[in-house]
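A short write-up of the structure that comes next.
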Amino acid sequence: QKQCGVLAAQLQTAFQNANALELHVRSVQIEAESQKQQSTQMQRDQMQQAEECAKTALKLSVHEAAQLASAIERLGKELAESENAKTHAIEDASCKDAKLTELSAVVDKLTQRALGLVKEKQELEAEIQRINPQILDLAQQKGLCVIALQKAQRSSEDAAREVAE
């Protein structure tokens, strides 16, 4: 009976230990399940955050792509305008070059004409220098003729007075 009591006590202790172990196992299972749920929730939260980040990044990428496309289009227009301006500038430069060539030819002709006129002027000045002494001589002769004419006129007037007297 004593052995039965000891065995009963041991059995009782074993049941208590089994119950305690079972409670401990359940506690560990509950904790593991809780951690699993927390981990799953964290994974879900992380997945949701990653998805939101991806959506935001995609929206930003789409927005940035639209801005980039707009900037590329604007740059394309500016390049086309620049090319047009360059073409017009080249055409203007060609026209101006042709006009400059024409003007250069005209200037050359006018320069030749001016040189010819300068030569003619020099020749005329030389002729004037050659003729000037003759003109002075003729002027002196004219002066002498005028004096002689005045004398003759006075003599004629004197003679007409004498005849009249």
Side-chain angles (χ1 to χ4, degrees), residues 26-165:
R26 279 188 190 173
S27 166
V28 169
Q29 283 177 339
I30 289 171
E31 189 177 331
E33 184 64 31
S34 173
Q35 286 180 351
K36 181 180 175 187
Q37 287 176 355
Q38 286 177 354
S39 175
T40 302
Q41 186 61 39
M42 283 177 61
Q43 284 179 343
R44 282 185 196 141
D45 290 347
Q46 288 175 348
M47 289 289 282
Q48 187 176 4
Q49 286 176 352
E51 187 177 315
E52 288 174 10
C53 285
K55 285 179 182 177
T56 302
L58 182 61
K59 285 179 186 176
L60 288 175
S61 294
V62 168
H63 180 69
E64 288 173 350
Q67 285 180 332
L68 185 60
S70 175
I72 289 171
E73 183 178 344
R74 187 179 71 250
L75 287 173
K77 287 179 182 177
E78 289 175 4
L79 181 62
E81 289 172 3
S82 175
E83 285 296 321
N84 284 341
K86 179 183 168 186
T87 301
H88 289 304
I90 289 171
E91 290 171 358
D92 287 347
S94 294
C95 288
K96 287 179 181 176
D97 189 43
K99 288 179 182 177
L100 186 60
T101 302
E102 284 179 35
L103 288 175
S104 180
V106 169
V107 167
D108 286 345
K109 287 179 184 177
L110 290 174
T111 302
Q112 293 302 317
R113 178 71 179 133
L115 290 173
L117 290 173
V118 166
K119 186 177 179 184
E120 281 182 42
K121 178 186 171 201
Q122 289 171 346
E123 289 172 357
L124 287 173
E125 286 174 348
E127 185 69 19
I128 288 171
Q129 291 298 325
R130 189 182 62 75
I131 294 175
N132 266 345
Q134 293 173 4
I135 292 174
L136 289 174
D137 188 42
L138 288 174
Q140 283 177 343
Q141 288 177 10
K142 177 184 173 189
L144 293 175
C145 286
V146 167
I147 292 170
L149 183 61
Q150 286 173 348
K151 283 182 180 179
Q153 192 174 10
R154 278 189 227 138
S155 296
S156 163
E157 288 173 359
D158 288 342
R161 265 187 250 144
E162 282 181 22
V163 169
E165 288 179 5

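- One finds the CG atom of L124 at 12.5 Å from the NZ atom of K119 (value rounded to the nearest 0.5 Å).
- The structure places OG of S155 at 10.5 Å from CG of L149, a figure rounded to the nearest 0.5 Å.
- For E125 and K121, the salt-bridge test passes: some basic side-chain N is under 4.0 Å from an acidic carboxylate O.
- A donor-acceptor pair shorter than 3.5 Å cannot be found between the side chains of Q49 and D45.
- Proximity of a side-chain donor or acceptor of T56 to a complementary backbone N or O of E52 within less than 3.5 Å is detected.
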Test log, rule side chain to side chain contact (heavy atoms under 4.5 Å, CB included), inputs V146 and Q150: CA-CA 6 Å; V146 167; Q150 286 173 348; 3.7 Å; yes

Criterion side chain to side chain contact (heavy atoms under 4.5 Å, CB included) on E64 and L68, from CA distance to verdict: CA-CA 6 Å; E64 288 173 350; L68 185 60; 6.0 Å; no

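- Under the side chain to side chain contact (heavy atoms under 4.5 Å, CB included) rule, Q35 has a single partner from E31, E33, Q37, which is E31.
- We find the CD-OG1 distance between Q43 and T40 to be 5.5 Å, quoted to the nearest 0.5 Å.
- Distance alone, capped at 3.5 Å, places no donor-acceptor pair between the S104 side chain and the L100 backbone.
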Salt bridge (Lys or Arg N to Asp or Glu O under 4.0 Å) evaluation trace for K77 with E73: CA-CA 6 Å; K77 287 179 182 177; E73 183 178 344; 3.7 Å; yes

Residue pair D137, Q141: steps toward the side chain to side chain donor-acceptor pair (under 3.5 Å) verdict: CA-CA 6 Å; D137 188 42; Q141 288 177 10; 3.3 Å; yes

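- At distances below 3.5 Å, at least one donor-acceptor pair connects side-chain atoms of T101 with backbone N or O atoms of D97.
- Residue I135 holds its CD1 atom at 10.0 Å from CZ of R130, rounded to the nearest 0.5 Å.
- Within the model, atoms CZ of R44 and CE of M47 stand 11.0 Å from one another, a figure rounded to the nearest 0.5 Å.
- To the nearest 0.5 Å, atoms CD (E123) and CD (E120) are separated by 7.0 Å.
- Counting only heavy atoms from C-beta outward, the side chains of L138 and K142 never approach each other to under 4.5 Å.
- Remark: the backbone N or O of E78 is not paired with any side-chain donor or acceptor of S82 at under 3.5 angstrom.
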